[in-house]
Structure formats: structure tokens, C-alpha cells
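In each ligand, atom 1 is the first atom listed, and ligand 1 is the first ligand listed.
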Amino acid sequence: MSRTLVEPFRIKMVEPVRVTTEAYREEALRNTGFNPFLLNSDDVFIDLLTDSGTGAMSQAQWAGMIMGDESYAGARSWLDLEKEVKDLSGMEYVLPTHQGRASERILFGILGGKGKYFLSNTHFDTTRANIENTGATAIDLMPEESMEPDTYLPFKGNIDLKSLVSSINSLGKENIAGIVITVTNNSFGGQPVSMASVEAVRVICDRENILLILDGCRIAENSYFIKHRESGYEEWSYREIAQKMLRLADAFILSAKKDGLVNIGGLLCMKDYALSLKCTNQLILSEGFSTYGGLAGRDMQAMAIGLREVFEPDYLEYRIKSTAYLGERLRNMGIPVLWPIGGHAVYVDAGQLFPHILPHEFPGQALVCELYVRGGIRSVDVGSVMFGKFDSEGNFTPARKELVRLAIPRRVYTQSHIDYVLDIFKEIKEMDQILSGFKILYEPPFLRHFTVRFEKINPKIIEGNDGAGT
Ligand SMILES: *Cc1c(COP(=O)(O)O)cnc(C)c1O
């Protein structure tokens with residue numbers, strides 16, 4: 001019998017969360033136009049909107065905050081961070097930024113431009129936006145077999161090497177400004193990328209003389225999967241695995257709000273001196289001097305400590321297993337989830353769970369709203385609310401899948417919080433429901449999910465929904 005999954009920390013400071021009534025939440029949600037993104041966080045009981053910048057710092061990190069050196073140039077905190085990151089990445093040039101997208105804007109601003117292409121396993125949305133903003137094109141290359149939501153593959157985040165080679169040939173290698181490997185593959189279920197896959201990309205980059213960029217926001221979580229799923233790495237430490245992978249890349253961008261275990265911060269690292277000079281100039285222009293990049297000294301101190309803590313075996317094991325705990329139990333209960341469970345989030349297939357709500361009525365949003373009203377749980381639709389498109393005639397092209405993401409903040413919630421989330425899902429699954437779809441009342445010209453407003457349509461009474469599929 002397996003033992004209870006226990007958090008490898010004690011609680012020394014508490015942040016109260018408010019328990020509200022269903023009637024209160026109903027009203028609060030109505031006031032946002034049924035878009036929980038617009039809720040005040042005080043009205044949320046368990047917030048699974050994102051794992052970005054929502055983690056808890058350790059006592060060592062808080063002590064580091066006090067020790068932070070706030071000098072404008074050459075601060076001790078910066079030197080600590082630089083030393084840590086050079087050792088981790090093996091890259092000579094390290095720049096601090098306020099968050100991942102600042103690194104992206106600087107790097108792709110220099111490498112991108114009209115007629116250029118970036119190829120990736122999957123570009124994260126800010127990565128894609130920063131590339132496209134330069135006039136360049138971002139292309140995702142995932143193999144067909146990884147698209148199957150219920151098939152177990154150990155490294156479902158891997159890029160499709162065959163399409164990578166054929167894309168380079170058809171677009172012309174001189175037009176490829178970089179290959180971006182996202183680890184773990186955030187927009188694709190938080191699925192891991194194998195070392196073998198990055199090694200194969202390295203060989204192609206060497207042959208074709210193309211820059212390899214690692215978007216390594218969750219590189220520690222990825223290392224966990226490599227140690228436990230890829231042969232040859234059983235005896236390696238998590239940090240050694242990350243060190244090896246980073247040494248395969250030419251540049252490294254990082255949002256420290258994820259595996260940096262901090263609430264704000266980012267990094268931009270590279271091997272090439274000439275490129276580093278260009279990046280440094282851009283950094284100074286918009287972010288700050290090259291030894292703080294828009295961060296306070298205390299932020300950099302906490303990041304230096306977080307980047308070491310994140311590789312601790314007790315932490316990583318708890319992290320990956322607690323995400324799997326939620327995902328596996330949902331699956332056992334008959335709630336359809338993307339399989340296998342990734343590192344930082346569980347993705348529920350609301351299209352399968354609510355087959356009576358058509359894609360253009362946003363089944364994902366129906367689940368998001370139900371989770372909030374019933375349980376005070378905040379999640380996000382990453383289905384047609386985020387990716388569905390209307391053409392000029394008003395015809396709707398839905399997303400590939402109607403997914404809802406439950407992202408797990410790091411070191412914040414205990415197993416009983418997660419058990420409560422499971423209870424709410426059980427209720428949603430079992431009880432007779434009056435569930436309606438949604439119609440868009442207002443949508444902004446871009447990044448719709450942030451500010452879209454809905455109205456409810458077609459209430460339907462569903463008796464004991466047994467959620468088709470598994
Ligand atoms: C979060 C994230 C980014 C962007 O970082 P921000 O800190 O939110 O600006 C880029 N790539 C990936 C894979 C991410 O998860």
C-alpha cells in the first residue's frame with residue numbers, strides 16, 4: 001500500500017482564505033460577465049488559474065530578501081544570482097529581466113523580423129506574440145501521435161523531428177532564426193521533453209547552423225520526468241540533468257515565476273558574446289542596468305536561492321506527485337483528463353464531460369463557472385474561449401479540444417485543499433445539473449480570454465451526467 005503524499009514542509013506563516021457562500025459567488029461571477037479572470041482574488045477560495053508567480057517562498061528565500069543588496073550596479077545579490085545561473089546553464093552571458101516575456105521581447109527583437117521563422121515543439125503564447133510582433137513567423141511542430149489525448153507516451157512534449165527537418169528544407173535554413181524548445185511543453189499539457197530529443201535537435205542545429213533556444217521555465221520539473229522515464233539518467237541528480245540539457249542550447253530564456261520559485265523575475269542567457277552585447281543594450285534601454293534588469297536586489301537574491309531549491313529531490317517529488325494526485329484521481333472518477341498528467345497542471349476535457357454543450361457554446365467555460373460557483377475554485381478555459389475563431393461571416397472554428405486547466409501553485413495548497421477540489425468534481429459529475437452554455441457579449445481585439453464577457457444560454461437539465469469517455 002502506498003503511503004499518503006505528505007508535503008515536505010511545515011507551515012510557519014498563514015494567509016487566510018475566505019470561505020464564501022454559493023449565492024455570493026453566483027453574484028460575483030455574474031458581475032464579471034461569467035469570466036473568473038475578472039474576479040477579485042479575495043472572492044476565490046482555491047486559485048488554480050496559474051502556477052506563474054503564485055508559489056510560496058521558503059524561509060531561506062525570505063531571509064535572502066532581507067539580505068538583498070539594492071545597489072544600482074554590481075550588487076552582491078546580482079553576483080550571487082549570476083554565479084548560480086552560470087553554474088546551472090554553463091552559459092557565459094547572463095542577463096536578469098523582470099519576467100520571461102521581457103527576455104523574449106529582447107531576444108526575438110534582435111533575432112526576428114520579416115521573412116524569419118522560428119520552429120518549436122510548441123511556442124508559449126507570449127513567446128509566439130513576441131516573435132510575431134517582429135514580423136517573423138512562429139511554427140509549432142508536434143507529432144500526430146502526441147495529439148491523442150488518452151495515449152500514454154513518456155515524452156509527449158517532444159518536437160516532431162521529421163517535420164523539423166522538412167520545414168528547414170522547405171523554408172530554407174538561412175530563414176530559420178532559431179529553434180525554440182519549450183520544457184516542459186507548457187501549452188501542450190505541461191508534457192516533458194526527453195534529453196534524446198534535445199540532443200537530436202542539437203545535431204540538426206549544428207548541421208544547419210541554426211540557433212537552439214531553450215525556453216526553460218519548468219526545466220526542473222522536466223528533469224524529474226527524465227530521471228524517472230528516460231534510460232541512462234537513473235543515477236543523475238535533477239540538477240545534473242538540467243545542466244546537461246542547458247549545455248545543449250545556445251540561449252536560454254526563463255520566467256523565474258515558475259521553476260525559479262519566486263513571485264517575479266526572469267533570465268536571458270546565451271553563449272555568444274556579440275549577441276549578448278546587443279541584448280545588453282536593449283535591456284538597458286527598457287528594463288534597467290545589466291546587473292538588475294528591472295528587479296530589486298532582494299528579488300534576485302530570492303531567485304538565486306529558488307533556482308537551487310527547486311532541484312531538491314523532496315521538493316520535486318512532492319511537486320510532480322501532487323499534480324499527478326489530482327489528475328489520477330479525476331481520471332479514476334471518470335473525469336476525462338489529458339493523459340499522462342504533466343508537471344504543473346491537470347487539463348480536463350470539458351468537451352467530453354459536457355457533450356450536450358456544443359463547442360460554440362463553450363463547454364470549458366461552463367465547467368470553469370461551475371467550479372467557481374460550487375466550490376470557489378478558479379480555473380481557466382484553454383479551449384475555444386482561448387483558441388476558437390470567428391470568421392468575417394460569423395462562422396465559428398472551435399479549438400482542437402475543449403480543455404480546462406487546473407494549474408497548481410508551488411508549495412501553496414495541501415492535500416486537503418486538493419481533496420476538496422476532488423469533492424467538487426464528484427458533485428459536478430454525480431448531481432443532476434442545470435448547465436448552460438455561453439454566448440460572447442463582448443470580446444477584445446486580442447488575447448480574448450483576459451477580458452471577454454459572456455451571457456448564459458439554453459439551460460439544459462442533465463440527469464446524473466456520467467461523462468462520456470475516460
Ligand atoms: C510563463 C511562460 C513564459 C512567459 O513568462 P512570463 O514571466 O509570464 O512573462 C514563456 N514561456 C513559457 C513556457 C512560460 O510558461
Sidechain N-carboxylate O distance under 4.0 Å for Asp206, Arg202: yes
is_close_aromatic(Phe454, Tyr442), centroid dist under 6.0 Å: no
Passing option when Arg239 is tested against Glu84, Glu309, Glu312 for salt bridge (Lys or Arg N to Asp or Glu O under 4.0 Å): Glu84
N or O pair under 3.5 Å between Gly100 and ligand 1: yes
Sub-6.0 Å ring centroid separation between Tyr72 and Tyr292: yes
Which of the ligand 1 atoms, numbered from 1, are nearer than 4.0 Å to a heavy atom of Lys258: 1 (C), 2 (C), 3 (C), 5 (O), 14 (C), 15 (O)
Cation-pi geometry met for Arg411 and Tyr315 (6.0 Å, 45°): yes
Geometric class of the Tyr93/Tyr273 ring pair [parallel <30°, tilted 30-60°, perpendicular >60°]: tilted
Residue from Asp47, Asp43, Thr50 passing side-chain hydrogen bond (donor to acceptor under 3.5 Å, both in side chains) with Arg378: Asp47
Shortest protein contact, atom 11 (N) of ligand 1 (heavy atom only): Asp215 OD2, 2.8 Å
Qualifying residue for side-chain hydrogen bond (donor to acceptor under 3.5 Å, both in side chains) with Thr122, from Asn186, Thr127, Asn185, Thr182: Asn185
Atom 6 (P) of ligand 1 - nearest protein heavy atom and its distance: Gln99 NE2, 3.3 Å
Close approach of Gly266 to ligand 1, heavy atoms, under 4.0 angstrom: no
Ligand-residue contact atoms, ligand 1 with Arg218, heavy atoms, under 4.0 Å: 15 (O)
Protein heavy-atom partner closest to atom 7 (O) of ligand 1 - residue, atom, separation in Å: Ser255 OG, 2.6 Å
Within-cut-off N or O pair, Lys257 and ligand 1, under 3.5 Å: no
Top protein contact for atom 4 (C) of ligand 1, by heavy-atom distance: Thr126 OG1, 3.4 Å
Within reach of ligand 1, part of Arg101 (heavy-atom separation under 4.0 Å): both
For Glu104, atoms of ligand 1 separated by under 4.0 Å from a heavy atom: 10 (C), 11 (N)
Numbered atoms and elements of ligand 1 in range of Thr182, under 4.0 angstrom, heavy atoms: 13 (C)
